[in-house]
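So you know, we letter chains A, B, ... as the sequences are listed, proteins then strands, and number each from 1.
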8 protein chains.
Amino acid sequence: MSKPYVRLNKEDAAVLLVDHQTGLLSLVRDIDPDKFKNNVLALADLAKYFQLPTILTTSFETGPNGPLVPELKEIFPDAPYIARPGQINAWDNEDFLKAVKATGKKQLIIAGVVTEVCVAFPALSAIEAGYDVFVITDASGTFNEMTRDSAWRRMEAAGVQLMTWFGAACELHRDWRNDIEGLGALFSNHIPDYRNLITSYTTLTSGK
Amino acid sequence: MSKPYVRLNKEDAAVLLVDHQTGLLSLVRDIDPDKFKNNVLALADLAKYFQLPTILTTSFETGPNGPLVPELKEIFPDAPYIARPGQINAWDNEDFLKAVKATGKKQLIIAGVVTEVCVAFPALSAIEAGYDVFVITDASGTFNEMTRDSAWRRMEAAGVQLMTWFGAACELHRDWRNDIEGLGALFSNHIPDYRNLITSYTTLTSGK
Amino acid sequence: MSKPYVRLNKEDAAVLLVDHQTGLLSLVRDIDPDKFKNNVLALADLAKYFQLPTILTTSFETGPNGPLVPELKEIFPDAPYIARPGQINAWDNEDFLKAVKATGKKQLIIAGVVTEVCVAFPALSAIEAGYDVFVITDASGTFNEMTRDSAWRRMEAAGVQLMTWFGAACELHRDWRNDIEGLGALFSNHIPDYRNLITSYTTLTSGK
Amino acid sequence: MSKPYVRLNKEDAAVLLVDHQTGLLSLVRDIDPDKFKNNVLALADLAKYFQLPTILTTSFETGPNGPLVPELKEIFPDAPYIARPGQINAWDNEDFLKAVKATGKKQLIIAGVVTEVCVAFPALSAIEAGYDVFVITDASGTFNEMTRDSAWRRMEAAGVQLMTWFGAACELHRDWRNDIEGLGALFSNHIPDYRNLITSYTTLTSGK
Amino acid sequence: MSKPYVRLNKEDAAVLLVDHQTGLLSLVRDIDPDKFKNNVLALADLAKYFQLPTILTTSFETGPNGPLVPELKEIFPDAPYIARPGQINAWDNEDFLKAVKATGKKQLIIAGVVTEVCVAFPALSAIEAGYDVFVITDASGTFNEMTRDSAWRRMEAAGVQLMTWFGAACELHRDWRNDIEGLGALFSNHIPDYRNLITSYTTLTSGK
Amino acid sequence: MSKPYVRLNKEDAAVLLVDHQTGLLSLVRDIDPDKFKNNVLALADLAKYFQLPTILTTSFETGPNGPLVPELKEIFPDAPYIARPGQINAWDNEDFLKAVKATGKKQLIIAGVVTEVCVAFPALSAIEAGYDVFVITDASGTFNEMTRDSAWRRMEAAGVQLMTWFGAACELHRDWRNDIEGLGALFSNHIPDYRNLITSYTTLTSGK
Amino acid sequence: MSKPYVRLNKEDAAVLLVDHQTGLLSLVRDIDPDKFKNNVLALADLAKYFQLPTILTTSFETGPNGPLVPELKEIFPDAPYIARPGQINAWDNEDFLKAVKATGKKQLIIAGVVTEVCVAFPALSAIEAGYDVFVITDASGTFNEMTRDSAWRRMEAAGVQLMTWFGAACELHRDWRNDIEGLGALFSNHIPDYRNLITSYTTLTSGK
Amino acid sequence: MSKPYVRLNKEDAAVLLVDHQTGLLSLVRDIDPDKFKNNVLALADLAKYFQLPTILTTSFETGPNGPLVPELKEIFPDAPYIARPGQINAWDNEDFLKAVKATGKKQLIIAGVVTEVCVAFPALSAIEAGYDVFVITDASGTFNEMTRDSAWRRMEAAGVQLMTWFGAACELHRDWRNDIEGLGALFSNHIPDYRNLITSYTTLTSGK
């Protein structure tokens, strides 16, 4: 049966980073903290590398949820930054919605904390609004695996495509020849095993 | 592809708590007892907080299945309480069905013990009857993960939305500004990590 | 969205037990042997209790796959028993197919070893032939969880309903009042926790 | 509900082995290395046994990704071998596409490293192009289970059938009588438990 | 370094079954109920088979802890049965201690529920009293693996030998020739995989 | 071999609660937050119930480590409370050491966060100082299971006895008849399965 | 504290392979079959490579336990082979004991099936007899992890050193310069990751 | 029982980093690569922070094992660096041994790849030579958990103390007041949860 392949396209994709805040991160227990930090920063580096329009948003950042992790602010100093005054679903916030529309993109790459709320709610709203939605599962975290599993199934049933940052990078890049160095650096910085491969390789081929 | 987002709405939702009985609870082994108790009470507090019509039902409560856990009876002293004389699927019980219809709600939030029977059967019946059904996965328990997984898939295939109590609370509340204290208390009482965030925060900001 | 609930009906169901052979059972490693043996016998007792027409079949039983486990033969001494000469998919065997048709039932409850072959193949064939198919996941076993997961997804995508023996028993029975003793005995014999509940209960209420 | 059973057919199937390279294999951590090696070689032996047209391809094999594992090259000395100069999705490579079309087959059996990229991308493209796609999950590997799970769901949602090498072998063979020795050898060489069954059996029956 | 092997000896061993009560069993979650039930009955059958003096004891059996599981009472109708009025450590009960001494054995095989209390306390007391103590780990259960692990370490540090029922049976039997049928039956009744081996074997060798 | 059983004695035991602070608790990932909170409060209730002298201490509580969890302060309003100005090993703090000595007890029950530092360091120091040390493993938490395992082994090798709060309660109580109500309440409040047993029991026996 | 390092020495070591029989292998479930087969053959190749005297023994090989796996017989065609008529502990068999003594070695490397019986019993006997005993844990298998854990602890407490085949190979070899090719081949044949490293390396350095 | 607390002392400790090479790292599968990389660098930063003499060594670094990971070389540009020509146990290399002795320290902190060989061998040798040995378990890696467990037990039985980098840092530092900033930075750089606590804290207290 023939079915269209809805494929990430770097000309038509924007990234939404939702509520990666220092307090909320202490709630994330379905993924190891070292790995999760790495994945979130990898997604951020990916967005920057492909020059995808990126939107940052937080929930109640002056309260217990805490501020946005500083690294994200540093990577995207000029990105739209919507500190939501109360809306739990970022899509309910007009400024956020405006920022999304302003990107002019049809493909939305979403990640955030916690998965079943801060990610799933805008993902479901975006699907309803006609966008193609790609949730980056490994840069999104939540309380435990049972919760994550429920959230993934709900999003999947609605038509969300579940991907990881590595898959997204590869689908956006299409061909290594577009920039070997750049993609290699992204992988080397965020995949220790890949870095090791490169080190072994360059050591052997550089005459050392 | 555009697809409507079937979203929990506190004006249009009722809660069905099915067979959380002291005997049956000893069968639950797909989730830790401490966590499960907390989740069930969190769902109950959620229902009370949002003033959702709530229906309690039990199966054979004078036999080995045991009585309803007393905490639920205490939280909902005036809720319809249907001690079913034999029907395994609560939906097959006329009094239960009447109580559901009497709520006048279209969205049903269901949790119970055990997942593949006491939850799945009325969930499937309710879907057939045209309701929107949201199963609270983490306030429902069963024999083991293999059983749970089968049950989730069967319900999902029928159109049930799988959620957790935290996700449901957030979707019902919509905006923190509707009542910061109230939602914060619900989370603080049932999420130790969130309570810690709040304690740290208030300690620092209250001048201690 | 309204969707019919395809519900097991004891008047319209037959059971197919496929290749529970002593040799093949040594391949099963996605479920503990004690538990698996119990589940298979529970399903057999269920079939007998509800007087569902039951068909036994084996693959190459005179070779390394080994004979049918003797307990199943003993429980169903008069059931159709098709020792297939070579067909891997039981549905490809004419005698088997005739036996299925001879039951006159529209709902097929299937379990066997190994899940992705002996269960999935006839399940997919039966769906194609217009039957309602219910696979008893916990009375079916295979090499490992990765294999099981693939098999479940393939069957699910084709419209198979995944259930466990306990869920099937409850859906077939409908109402405890149809026979409290009988269903209680089935559970007591195959669910240690339930047996303990009953023992505690009867000890306390019988004056001991 | 009646639904056609899209069944592997040895007259109409081809095998695509994508990027099983020595460097990339060090990234695979969702499956044990001993088991993974065995599964990949089992799939290769299967392809050879059923004389399915097989295509080998690699990504950047002169760089850190490393060469194709030598065993695959040895098993298929005459197979089309496409060392892609840069395309991440093999389907984007014209030579690969030509090789696929040249097989004249409609059913594609795909496995590779890593699952969410080297397998999922061509699988999704092939579905779009009207092929029936069967991904061999246990001969495909990736970074971790979270990634694998996302990849499986994305492919499944697009209509890919998830299978394992053992299930594929059984579905292709149809009937043991087509060649007992051959299929038995395939299983004996790649399933230690099955080999043990055969050894026990032949020892007892050969008079030893 | 030479060190004496303290080996179970059927002439010098007694079995203590501590608090396998229907209520307490619902607390056991470090081992699957099907398997645990099987292990406890296997240990009981072992004791009977080797004619080891066996002592039964319960804690507060008329309260929520519930009665002894009936199967144990049936297997040992004439064994000393001490329903302790309150002592948590069975060794603190004089009748129990007298019964132990009356066996005249120096090796004590202990199992019970829950591991860190009902097993560990008398085990530690017995070590202090100069007995050789063998705890049957797989016929003892408790709340979770963390608790079990702590309990095992505490007993091990005190000199308790940790064994399973199968290991104990083999060490007591010493030589298959002492009684092939008897030991074979014990294994066949409690090890499904072993039963399957025997069935395959006898089918092939009996000419069937 | 005879070896003395070093047994908890309520006349001779004190409890040290080390660094259960709201910030540090976010580091604990080797045990589920719901369960861990319950265990810590259970240990506190145990200390109060047996009237064991209890000492509270914190590390840098005005910094990121956060304040002591309020519940502990409330349970022990008059306990010695040592907010350490910098010593990581509480035993290095003179006030803490004085408070320990002031209890006049020889048995120290220790729990805290994180296990390998805040628990292990004072435990090792106390052993060196000649105390009998009992670490409550399930009321102590740390980063992950690998860390916990290392910490347990180091303490065990030094002679620390590893116990859980439930085991400690039972060993301190010795005999149910000392106070059935009190111990039952402690268990009912902190063990959901036990509470269910009691509810089932009292419902049946109270005539209801 | 100074303590002698009891180090494997290829001049002073013998290998005992106990009961790796085709029937008994179906009981092994604490390690994956693919990996286990590989480990057993790796140990055998190790023994052959270092020319360590090796003894094969089986238990009741004409019954359900099945014959020795043929690969071991092939690797050691001339090794002492003791088919024990009934002794469960191989050390109780005089021929076995004579064969052990005939090696003239003081260090015994033992592996077998199942761990808590066929391995632990002769290991404990050998310790008692004054040998240094090294159990190869990953070439020994048993029913489940709980059983394995008990067996390891019992052996460890008696002074057995627990090692894996890889560790043993490295300790025996001492220095790569003794034979780079030989040790490399052993690793390449039994460690897929190592083989990949070697393939990558030789491809790059050979000019290809 | 009184027993001396062998406590890490920054005046008397040296660090040995053994074989953290790019090729060998691909063998490590008992710990996640992101976390492992972080732990190794944390240990390196710890060594530098406390100015502990540090020794680097590699095994066959010009072959498939690959070069030392460049980060370690960069952190310790002037450390003794022993590229061993063949000795598997670093302690067998005279230059390494001289370097160890030259530190003049009695406490050795060891980590490396793989645990049961590159760590365990020198650890056992160092114990024999009279050193106090502390193995950093979470900066050491190996093939799988079974192997790790065997290695830990062997080292533990010989008197090695098992610690993690965080525990070592705390034991070396003794008192936060020695340098709050420095230790805080070490933790913030390598513990994401701790970094989040600090960010939340400083945001709230700095007036932002």
S.K.: Are any side-chain N or O atoms of C/Ser2 and backbone N or O atoms of B/Ala129, one a donor and one an acceptor, separated by less than 3.5 Å?
M.R.: no
S.K.: Would B/Phe60 and C/Ile180 count as a side chain to side chain contact (heavy atoms under 4.5 Å, CB included) if you check the C-alpha gap in whole Å, the side-chain angles of each, and the deciding distance to 0.1 Å?
M.R.: CA-CA 10 Å; B/Phe60 251 153; C/Ile180 296 176; 3.3 Å; yes
S.K.: With a 3.5 Å distance limit and no angle check, can you tell me whether C/Tyr201 reaches the backbone of B/Asn65 through a side-chain donor-acceptor pair?
M.R.: no
S.K.: Nearest heavy-atom pair of B/Pro64 and C/Ile198: which atoms, and what distance?
M.R.: CG-CG1, 3.9 Å
S.K.: Begin from the C-alpha positions of C/Ile31 and B/Asn144 and carry the test side chain to side chain contact (heavy atoms under 4.5 Å, CB included) through to its verdict.
M.R.: CA-CA 11 Å; C/Ile31 182 168; B/Asn144 51 56; over 6 Å; no
S.K.: Can you confirm whether more than 12 heavy atoms, excluding those of B/Lys101, are under 6.0 Å from its NZ atom?
M.R.: no
S.K.: What part of C/Phe187 lies closer than 4.5 angstrom to a heavy atom of chain B: side chain, backbone, both or neither?
M.R.: neither
S.K.: So what's closer than 4.5 Å to chain C heavy atoms on B/Arg29: side chain, backbone, both or neither?
M.R.: side chain
S.K.: What option among C/Tyr5, C/Trp152, C/Trp176 has the most heavy-atom pairs under 4.5 Å with chain B?
M.R.: C/Tyr5
S.K.: If I take atom CD from residue B/Glu156 and atom CD from residue C/Glu156, how far apart are they, to the nearest 0.5 angstrom?
M.R.: 6.0 Å
S.K.: Which bit of C/Ile136 comes within less than 4.5 Å of chain B, counting heavy atoms only: side chain, backbone, both or neither?
M.R.: neither
S.K.: Is any side-chain heavy atom of B/Val114 closer than 4.5 Å to one of C/Thr164?
M.R.: no
S.K.: What I want to find out is whether B/Asp92 reaches C/Arg7 closely enough, with some N-O distance under 4.0 Å, to be called a salt bridge.
M.R.: yes
S.K.: So which of B/Arg84, B/Glu116, B/Met146 has the largest heavy-atom pair count under 4.5 angstrom toward chain C?
M.R.: B/Met146
S.K.: Flag the one option from B/Ala157, B/Gly86, B/Pro85, B/Ser26 with the top tally of heavy-atom pairs under 4.5 Å to chain C.
M.R.: B/Gly86
S.K.: B/Ala126, B/Ser59, B/Gly66, B/Ser125: which one forms the most heavy-atom pairs within less than 4.5 Å of chain C?
M.R.: B/Ser125
S.K.: Chain B heavy atoms under 4.5 Å from C/Val6: which part of the residue, side chain, backbone, both or neither?
M.R.: backbone
S.K.: Can you tell me how the ring of C/Phe166 sits relative to the ring of B/Phe143, calling it parallel under 30°, perpendicular over 60° and tilted otherwise?
M.R.: perpendicular
S.K.: What distance separates C/Leu197 CG from B/Leu27 CG, expressed to the nearest 0.5 Å?
M.R.: 6.0 Å
S.K.: Please check if the number of heavy atoms outside C/Lys10 that lie under 6.0 Å from its NZ is greater than 12.
M.R.: yes
S.K.: Check whether C/Arg153 gets within reach of chain B through its side chain, its backbone, both or neither, counting any heavy atom under 4.5 Å.
M.R.: both
S.K.: Are B/Ser150 and C/Met163 close enough that some pair of their side-chain heavy atoms sits under 4.5 Å apart?
M.R.: no
S.K.: Pick from C/Glu171, C/Lys35, C/His173, C/Gln161: which one has the most heavy-atom pairs with chain B under 4.5 Å?
M.R.: C/Glu171
S.K.: Taking all non-hydrogen atoms of both residues into account, name the closest pair between C/Cys170 and B/Ile88 and its distance.
M.R.: O-CD1, 3.8 Å
